[in-house]
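Please read through the structure below; I'll follow up with questions.
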Amino acid sequence: MLSFLCFTGCRQPEQHRTSDPPNVVIFLADDQGWGDVSYHGNTNLNTPNIDQLAHNGLSFEHFYVSPVCSPTRAELLTGRYHLRGGVRGTSAGEERLDLDEATFAERFQEAGYATAAFGKWHNGMQHPYHPNSRGFDYFYGFCSGHWGDYFSPPLEENGRLIQGDGYMVDDFTNKAIKFIEDNSKSPFLVYLPYNTPHSPMQVPDQWWENFESGELEMVLPANQNEDLQFTKAALAMCENIDWNVGRVMGKLKELGLEENTIVIYLSDNGPNSFRWNGGLKGRKGSTDEGGVRSPFFIQWPGRLPQGKSISQIAGAIDLFPTLMELTGISPSVNKPLDGKSLAPLLLKDNPHWEDRMIFSHWNGSTSVRTQQYRMDREGKLYDMEADPGQTTDIAAAYPEIARELGLAKTDWNEEMAAAFDGKTRPFTLGHPEAAFTQMPARDAEPHGGIQRSNRFPNDSFFTNWRSREDSITWDVKVMDAGEFEVELYYTCNEENLGSTIQLSVGGAQVQAQVKEAHDPPLRGMENDRVARMESYVKDFKPMSLGRINLIKGRSKMVLKALDIPGNEVMDVRLLLFRRIN
């Protein structure tokens with residue numbers, strides 16, 4: 001193990017001694033496939049700054065993540081398969097990482113690092129699931145699985161609701177660069193989980209113009225139904241990411257920090273559409289190779305080799321132990337890790353490295369990958385060295401291998417099922433260390449005629465509230481008793497003013513009347529490059545519901561109308577609780 005933390009002497013502002021604890025910067029793209037970088041041979045786009053990380057450092061040929069967003073984030077943070085940590089979905093509370101799981105950010109924080117995350121969290125919104133409770137001193141971004149508008153949308157800064165400034169990925173990068181500048185004389189961890197090229201497909205004109213009217217050189221056969229406009233938008237978003245990677249790397253060089261900073265780049269799953277991906281089978285959501293293979297580049301000038309390509313399989317579960325070994329931080333975990341440190345592969349020419357199995361799971365489907373083989377969800381066996389596109393099932397020709405991997409899949413599924421206690425988890429409210437708690441529509445249940453603005457809940461709001469029999473409920477657990485100021489983010493037109501609404505939590509109640517009209521139009525579509533699946537959004541306005549005294553414990557939180565003089569009550573985006581005492 002490399003023991004860098006033993007040296008804590010004063011730093012020189014321009015040139016840092018190699019004995020200083022290394023800084024860490026992690027870029028995580030959202031829905032960028034293995035093939036969405038020019039380093040892997042895709043001539044449809046140009047990603048020179050991302051590629052340079054591979055040229056200046058190392059690249060992994062076979063690096064695996066989960067098929068979708070929040071599971072990968074959980075595995076990356078903990079070094080353990082996501083099902084062990086309670087992450088079983090991407091919304092409705094199933095994206096939350098169990099509170100007894102340790103994150104690498106917590107270990108960095110304990111070791112004296114300044115820690116920050118900028119972007120899409122997607123492992124829990126309310127404290128103590130919030131990033132500020134999971135090892136990050138500073139958080140700027142959003143906690144949901146996707147967002148409805150990428151240009152100056154509502155975001156949060158350490159729990160406080162604020163307005164973003166410009167295109168989100170640029171904004172996140174601006175804040176990350178400022179954090180690096182402010183902490184350049186002490187070790188820092190910067191985690192940049194970007195939200196692109198996840199839909200909605202929005203990207204500034206300067207990036208879109210490179211693709212809008214041009215022809216793509218590498219397209220799929222007609223029978224594979226590639227949406228070329230979607231592909232162009234996704235690749236434009238990837239080029240924007242690359243520009244932002246270049247801005248961060250430029251700042252590290254300017255500050256004399258590049259040689260003492262470990263920089264990592266990866267994505268959270270396969271591509272979010274059918275497009276060129278090196279002939280791999282599957283896309284986002286699939287447990288086949290194309291759905292779970294990610295680019296993975298790591299650079300540390302002077303400490304790691306340049307231009308080395310590593311063929312051994314590895315995965316997101318390996319990041320935690322690898323970072324601990326490279327930085328010399330004690331992992332101090334109370335649960336066994338599924339991942340293993342990749343340091344021997346990074347630092348040695350011919351390390352002893354045993355073959356292993358890496359499992360991929362989503363929505364009831366499991367596949368398993370060894371160095372040579374993959375067994376898919378149906379039990380079909382593929383020789384990935386000879387057949388990386390998974391075209392020929394060889395299970396009948398290699399029955400012993402098929403049996404071994406089939407049993408391994410069964411055992412793994414049973415082990416993951418045993419880790420789930422079957423209990424529902426309420427949404428936490430009023431954690432003693434949290435000044436603010438958001439309770440968004442995403443985490444609530446509508447009753448009666450109330451409808452969601454979209455079937456995907458992450459950026460949705462509630463509408464069609466017309467009856468006193470209608471209600472909106474949250475399953476909540478008040479973490480610590482106290483008095484709270486409550487705001488409701490709403491829209492309501494002039495004709496429907498005057499409704500009296502009531503919020504009740506346990507035996508406590510607060511009432512207010514809707515007195516001020518606020519009726520903005522739906523927006524978001526003006527920035528879309530292709531049709532979207534997600535909800536359009538509005539600019540919701542806060543109104544005070546007053547103060548409420550909450551007692552500790554679990555209860556149902558209910559929002560309903562006592563009087564409706566018009567045709568509707570309001571549209572609802574979220575409740576915001578601010579602790580008074």
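Computed from a predicted model, the values in this text were never measured in an experiment.
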- Donor-acceptor contact below 3.5 Å, side chain S544 vs main chain G546: yes
- What about the rings of Y167 and F151, do their centers lie closer together than 6.0 Å? yes
- Task: Answer yes or no: is there a side-chain heavy-atom contact under 4.5 Å between T196 and M168?
- Result: no
- Message: Under the rule for side-chain hydrogen bond (donor to acceptor under 3.5 Å, both in side chains), what residues qualify as partners of R578, not counting sequence neighbours?
- Response: none
- Query: Any side-chain heavy atom of I329 within less than 4.5 Å of one from L323?
  - Reply: no
- Message: Quick check for you: to the nearest 0.5 Å, what is the distance between R579 atom CZ and E483 atom CD?
- Response: 10.5 Å
- Parallel under 30°, tilted from 30 to 60°, perpendicular over 60°: which one fits the rings of Y265 and F27? tilted
- Would you say L574 and L161 make side-chain contact, with heavy atoms under 4.5 Å? yes
- Note on the structure: When R134, K335, R96 are each screened for salt bridge (Lys or Arg N to Asp or Glu O under 4.0 Å) with E101, the one that passes is K335
- Item | Side-chain donor-acceptor pair present, T500, Q511, cut-off under 3.5 Å | no
- Message: Quick check against the 3.5 Å criterion: does D470 have a side-chain atom that pairs as donor or acceptor with the backbone of G449?
- Response: yes
- Message: Against E95, only a single residue in R442, K120, R88 fulfils salt bridge (Lys or Arg N to Asp or Glu O under 4.0 Å); can you say which?
- Response: R442
- Item | Distance-only polar pair, side chains of Q109 and D137, donor-acceptor under 3.5 Å | yes
- Message: Parallel, tilted or perpendicular: which one describes the rings of H361 and H82, with boundaries at 30° and 60°?
- Response: tilted
- Task: Examine the side chains of Y81 and S66 and answer whether a donor and an acceptor come within less than 3.5 Å of each other.
- Result: no
- Message: Whether R73 engages the ring of Y191 as a cation-pi pair (distance to the six-membered ring centre under 6.0 angstrom, angle to the ring normal within 45°) should be assessed.
- Response: no
- Check: Y489 ring centroid to F540 ring centroid under 6.0 Å: no
- Just wondering, are more than 12 heavy atoms of other shown residues or ligands nearer than 6.0 Å to CZ in R554? yes
- Query: Less than 4.5 Å apart, any side-chain heavy atom of S294 and any of D268?
  - Reply: no
- Kindly indicate whether the side chain of V572, heavy atoms from C-beta on, has any atom under 4.5 Å from the side chain of I450. no
- Message: Between S267 (side chain only) and Q32 (backbone N and O only), is there a donor and an acceptor less than 3.5 Å apart?
- Response: yes
- Message: Main chain of T437, side chain of H431: is a donor-acceptor contact present, judged purely on distance under 3.5 Å?
- Response: no
- Do D571 and T463 meet the criterion of a side-chain donor-acceptor pair at a distance under 3.5 Å? yes
- Message: If I take atom CE from residue M237 and atom CE from residue M201, how far apart are they, to the nearest 0.5 angstrom?
- Response: 4.5 Å
- Task: Look up atom CG in D480 and atom CG in L429, then write down how far apart they are to the nearest 0.5 Å.
- Result: 10.5 Å
- Message: With a 4.5 Å cut-off on side-chain heavy atoms, are W121 and P193 touching?
- Response: no
- If you take all heavy atoms of A74 and V87, which pair is closest and at what distance? CB-CG2, 3.7 Å
- Item | Worked check of side-chain contact (heavy atoms from CB on, under 4.5 Å) between F461 and Q451 | CA-CA 8 Å; F461 58 89; Q451 300 172 357; over 6 Å; no
- Task: Could you tell me the separation between the CD1 atom of I548 and the OG atom of S504, rounded to the nearest 0.5 Å?
- Result: 7.5 Å
- Does D182 pair with K178 as a salt bridge, N-O distance under 4.0 Å? yes
- Are F142 and W147 close enough that their ring centres sit under 6.0 Å apart? yes
- Keeping the roles fixed (side chain from S152, backbone from G166), state whether a donor-acceptor pair exists under 3.5 Å. yes
- Taking D519 for the side chain and N493 for the main chain, is one N or O donor matched with an acceptor at less than 3.5 Å? no
- Task: Could you check D475, V478, L503 and say which one makes a side chain to side chain contact (heavy atoms under 4.5 Å, CB included) with M557?
- Result: L503
- Query: Between Y140 and K175, is there a cation-pi geometry (under 6.0 Å to ring centre, at most 45° from the normal)?
  - Reply: yes
- Is there a side-chain contact between Y150 and N527, using heavy atoms and a 4.5 Å cut-off? no
- Where N272 and H198 come nearest, the two heavy atoms and their spacing: ND2-CA, 3.8 Å
- Task: Can you see which heavy atom on P22 is nearest to which on L326, and at what distance?
- Result: CG-O, 4.4 Å
- Query: Measuring from L189:CG to N23:CG, what's the distance to the nearest 0.5 Å?
  - Reply: 9.5 Å
- Spell out, as yes or no, whether a donor-acceptor pair under 3.5 Å connects the side chain of N183 to the backbone of F179. yes
- Can you measure from OG1 (T428) to NE2 (H130) and round to the nearest 0.5 angstrom? 10.5 Å
- Any side-chain heavy-atom pair of I298 and W300 under 4.5 Å: no
- Taking everything shown except K560 itself, do over 12 heavy atoms lie less than 6.0 Å from its NZ? no
- I162 atom CD1: more than 12 heavy-atom contacts under 6.0 Å: yes
- Are the aromatic rings of Y138 and F118 close, with centres under 6.0 Å apart? yes
- E110 CD: over 12 foreign heavy atoms closer than 6.0 Å: yes
- Query: So, R84 and E415, do they make that salt bridge, N to O below 4.0 Å?
  - Reply: yes
- Query: Backbone N or O of A441 within a donor-acceptor pair of the R452 side chain at under 3.5 Å?
  - Reply: yes
- Would you find more than 12 non-hydrogen atoms of other residues, nucleotides or ligands less than 6.0 Å from E469 atom CD? no
- Message: When you measure from the side chain of D171 to the backbone of D165, do you find a donor-acceptor pair of N or O atoms at a distance under 3.5 Å?
- Response: yes
- Task: Give the intermediate values and the outcome of side-chain hydrogen bond (donor to acceptor under 3.5 Å, both in side chains) for residues N464 and R466.
- Result: CA-CA 6 Å; N464 200 52; R466 300 175 182 272; 2.6 Å; yes
- Task: Heavy atoms only: give me the nearest P426-K477 pair and the separation to one decimal.
- Result: CG-CB, 3.6 Å
- N158 side chain to F139 backbone, donor-acceptor under 3.5 Å: yes
- Task: Taking only Lys NZ, Arg NE, NH1 and NH2, and the carboxylate oxygens of Asp or Glu, determine whether R160 and E157 approach each other closer than 4.0 Å.
- Result: no
- Locate the shortest heavy-atom distance separating A316 from V65; write the atom from each residue and the value. CB-CG1, 4.1 Å
- Note on the structure: Nearest heavy-atom contact between Y536 and D528 is CE2-OD2, 3.7 Å
